[in-house]
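Read through the structure below, which is laid out as structure tokens, and then see the notes.
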Amino acid sequence: MALIETSTRINVSPQKIFSYVSSLDNLKNEYVVSVEADGPIKLGTKINTRIRAMNGMESVITSEVIAYEVNKVFGTKTFAAPPASDVVSSYILEADGDGTKVTLQTEAVLMPAGMPSIPGMEDMMKKQMLAGYDAALAALKKKLEG
């Protein structure tokens, strides 16, 4: 299992960041058609996210909240159909002066059993995921800092 982690400092309180990252409404974008939970967001809540690909096809991604410590940690486990593997992603929030250090951490099997092994493929996947997470944190920073 690979651990991919990146962090940034955002000049707002942990409360504001936690509220934002744990809100289903904030998951919606041009590809997310709908997001539904089986109850209030807390440890154990199941979340179904309906995604529409660029080709118009839709699929549902199921996640479960596996870490929920108000203003400190929000994590989910996303269940994947084989040959892909489940993915655990967490936002870890640490007060830092008048702001917050935000760490985005993911654990995933990048080369599931049955996938052809190509030299350098896992490192390439890690770099691509890290670049995406850096962009996600930059967007979160911009959104919350105004």
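The analysis underlying the following values was restricted to heavy atoms, covering all of them including side chains, and did not include hydrogens, waters or symmetry mates.
Annotation: side chain of Ile92 is not in contact with side chain of Val102 (no heavy-atom distance under 4.5 Å). Contact annotation: the side chain of Leu93 never approaches that of Asn71 to less than 4.5 Å [non-hydrogen atoms, C-beta and beyond]. When side chains are defined from C-beta on, Asp86 does not count as touching Thr78, because their heavy atoms never get closer than 4.5 Å. Annotation: side chain of Leu24 is in contact with side chain of Ile41 (closest heavy-atom distance under 4.5 Å). A heavy-atom distance below 4.5 Å is found between the side chains of Ile61 and Ile51.
Leu27 is connected to Tyr20 through a chain of hydrophobic side-chain contacts under 4.5 Å among Ile, Leu, Val, Met, Phe, Trp and Tyr, so both are in one cluster. Connection of Tyr91 to Val32 is established within a shared hydrophobic cluster, with ILVMFWY side chains joined at heavy-atom distances below 4.5 Å, either directly or through further cluster members. When hydrophobic clusters are built by joining Ile, Leu, Val, Met, Phe, Trp and Tyr residues whose side-chain heavy atoms come closer than 4.5 Å, directly or via intermediates, Ile47 is not grouped with Val87. Criterion: ILVMFWY side-chain heavy atoms under 4.5 Å apart, direct or through other members. Under it, Met125 and Ile4 are part of a common hydrophobic cluster. Connection of Leu140 to Val73 is not established within any shared hydrophobic cluster, with ILVMFWY side chains joined at heavy-atom distances below 4.5 Å, either directly or through further cluster members.
Counting only residues at least two apart or in different chains, salt bridge (Lys or Arg N to Asp or Glu O under 4.0 Å) contacts with residues 127-142 comprise Lys141-Glu145.
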Dump the intermediate steps for salt bridge (Lys or Arg N to Asp or Glu O under 4.0 Å) on Arg52 and Glu58, then the final yes or no. CA-CA 4 Å; Arg52 181 176 301 127; Glu58 291 188 8; 2.8 Å; yes
Working note: Val88 + Ile66, criterion side-chain contact (heavy atoms from CB on, under 4.5 Å); need CA distance, chi angles, decisive distance, verdict. CA-CA 9 Å; Val88 173; Ile66 61 164; 3.5 Å; yes
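Across every non-hydrogen atom of Thr76 and Ser63, the tightest pair is CB-CB, 4.4 Å. For the pair Ser85 and Ala80, the tightest heavy-atom approach, listed with the atom from each and the gap, is O-CB, 3.2 Å. The two residues Ala37 and Thr45 come nearest to each other via the heavy atoms CB-CG2, 3.8 Å. Between Val12 and Leu144, the shortest heavy-atom distance links the atoms CG1-O, 3.5 Å. Taking both residues in full, the closest heavy atoms of Gly75 and Ser90 are given as CA-OG, 3.7 Å, listed atom of the first, atom of the second, then distance. Across Val21 and Phe74, no two heavy atoms sit closer than the pair O-CE2, 3.6 Å.
Taking the charged nitrogens against the carboxylate oxygens, Arg9 and Asp96 do have a contact shorter than 4.0 Å, which makes a salt bridge.
Distance OG1/Thr100 to CD1/Ile17: 4.0 Å, rounded to 0.5 Å. Rounding to the nearest 0.5 Å gives a distance of 10.5 Å between NZ of Lys72 and CD of Gln15. For the atom pair CE (Met129) and CD (Glu5), the distance works out to 13.0 Å, reported to the nearest 0.5 Å. For the atom pair NZ (Lys46) and CD (Glu36), the distance works out to 15.5 Å, reported to the nearest 0.5 Å.
Not one N or O on the side chain of Asn48 forms a donor-acceptor pair closer than 3.5 Å with the backbone of Thr62.
Using a 3.5 Å distance cut-off with no hydrogens or angles, the side chains of Gln105 and Thr103 do not pair a donor with an acceptor. Between Ser89 and Thr106, the side chains place a donor N or O and an acceptor N or O closer than 3.5 Å (distance only, hydrogens not considered).
Every residue two or more places apart in sequence or in another chain that forms a ring-ring contact (aromatic ring centres under 6.0 Å, His included) with Tyr68 is listed here: Phe18.
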